[in-house]
Amino acid sequence: MAKEVKLEIEKLPGVGAATAEKLLTAGYDTLLSIAVASPGEIVEAAGVSETAARKMIIAARDMLDMGFESGLDYLKKRQNIFKIKTPSENFNQLLGGGLEAGAITEAFGPYGSGKTQIGHTLAVMLQKHQEGAIVVYIDTENTFRPERIRQIAEANGLDPEKVLEHIKVAKAYNSDHQMLLAEKVEDLITKEKLPVKLLIVDSLTAHFRAEFVGRGTLAERQQKLNKHMHTLLKIADVHNVVVYVTNQVMAKPDVFFGDPTEAIGGNIVAHNSTFRIYLRKGRKDTRVAKLVDSPSLPDNETVFRITEKGIEDAI
Ligand code: GTP
Ligand code: MG
């Protein structure tokens, strides 16, 4: 198997046995993985010049005959896209029926607004949609709680042990580690053939926010976040995965009217997220979810509660 793969990659211009080996070691084991890589990534992986990397990528694309899809192919692809439903029908409807595969859904809001609770709920509910599918949970704030998963699973009539077995939790200790873990998810799918269908990054921005402080570091932070978002988007798109990320808000010091908070990460995170949900606390134990700037759905608001089932409609 590995030999065949190597031979396929060796057909690319400028790729001899040694380069092929380096590419394989770095996880570029299919023509597709090279075709969708950036020149910088190939340079890093194979130690070739940027021009050589570009040639490889273009050749891989030609060999795969990719780039343009007919409307019909596109429609077929869209039909494969599935949605994960939560126990809150209102919340699902806000998103057009659930959290969509092939896209990034970002939840942003203040402390305690329910971002992590939604993540836990999704990690359980994936099993309802597709038994045996795998969740990857990148935990940056040490807030993953298996006990809570157990409770949500039981309340939704699922075997908690089975649910827990299908969640792969990885703690990210800093932003570089977080980026690396996201890249490793591709390996889980392509090399280990794991049916990863949900990827959660909770929180997407906390490490970046903590590590890059001060004006001088903003450009570097945004550049790294951008790269990270592209990794996530690629996983979503190429492998038909639901990607759910959480994001904090910060106070805007100069706003006196309207909403005094804004999401971390600015345009980079906002533009790369397909669906963005703004969460805030409502009356009593309720939470308000608002969909913002969606290309295909109306800006709308709904109310849910955090319960033993995870999240449910507010009554
Ligand atoms: P930060 O990560 O701090 O920014 O907040 P967050 O948006 O992730 O908030 P999170 O999802 O952790 O929501 C916390 C709230 O969920 C708590 O204030 C509780 O009201 C509720 N909650 C947490 N655990 C449980 C639970 O086991 N059962 C129920 N019913 N509610 C819970
Ligand atoms: Mg949280």
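Just so it is clear, the structure is predicted and the values come from calculations on it, not from any experiment. For ligands, and for the atoms within them, numbers begin at 1 and follow the listed sequence.
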N, O or S of Thr116 under 2.8 Å from the Mg ion (ligand 2): yes
Nearest protein heavy atom with distance in Å, relative to atom 3 (O) of ligand 1: Tyr111 CD1, 3.1 Å
Part of Pro110 with heavy atoms under 4.0 Å of ligand 1, whether side chain, backbone, both or neither: backbone
Hydrophobic cluster identity match, Val241 and Leu126, side-chain contacts under 4.5 Å: no
Contact check, His120 vs ligand 1, heavy-atom distance below 4.0 Å: no
Heavy atom of the protein closest to atom 5 (O) of ligand 1 (residue, atom name, distance): Gly112 N, 2.9 Å
For atom 32 (C) of ligand 1, closest protein heavy-atom neighbour: Ile306 CG2, 3.7 Å
Test applied, side chain to side chain contact (heavy atoms under 4.5 Å, CB included); reference residue, Pro39; option that passes from Arg54, Lys55, Glu44: Arg54
Gln178 side chain vs Leu204 backbone, donor-acceptor pair below 3.5 Å: yes
Protein heavy atom at shortest distance from atom 12 (O) of ligand 1: Thr116 CB, 3.8 Å
Thr307, portion touching ligand 1 at heavy-atom distance under 4.0 Å: backbone
Lys/Arg-Asp/Glu bridge criterion (N-O < 4.0 Å) met for Glu192, Lys184: no
Atoms in ligand 1 flagged as close to Gly114, the criterion being non-hydrogen separation under 4.0 Å: 6 (P), 7 (O), 9 (O), 10 (P), 11 (O), 13 (O)
Protein heavy-atom partner closest to atom 24 (N) of ligand 1 - residue, atom, separation in Å: Gln117 NE2, 3.3 Å
Backbone N/O of Asn92 and side chain of Lys85: donor-acceptor pair under 3.5 Å: no
Spatial distance of atom NE2 (His239) from atom CG (Asp237) [nearest 0.5 Å]: 9.5 Å
Protein contact of atom 25 (C) of ligand 1 - nearest heavy atom, named by residue and atom, plus distance: Arg148 NE, 3.9 Å
Arg287, portion touching ligand 1 at heavy-atom distance under 4.0 Å: side chain
Within-shell test, Gly109 vs ligand 1, heavy atom, strictly < 4.0 Å: no
Distance, nearest 0.5 Å, that separates CG of Leu291 from CD of Glu301: 10.5 Å
Minimum-distance protein heavy atom relative to atom 2 (O) of ligand 1: Glu141 OE1, 3.8 Å
Protein contact of atom 4 (O) of ligand 1 - nearest heavy atom, named by residue and atom, plus distance: Lys115 NZ, 2.8 Å
Ligand-residue contact atoms, ligand 1 with Gln151, heavy atoms, under 4.0 Å: 27 (O)
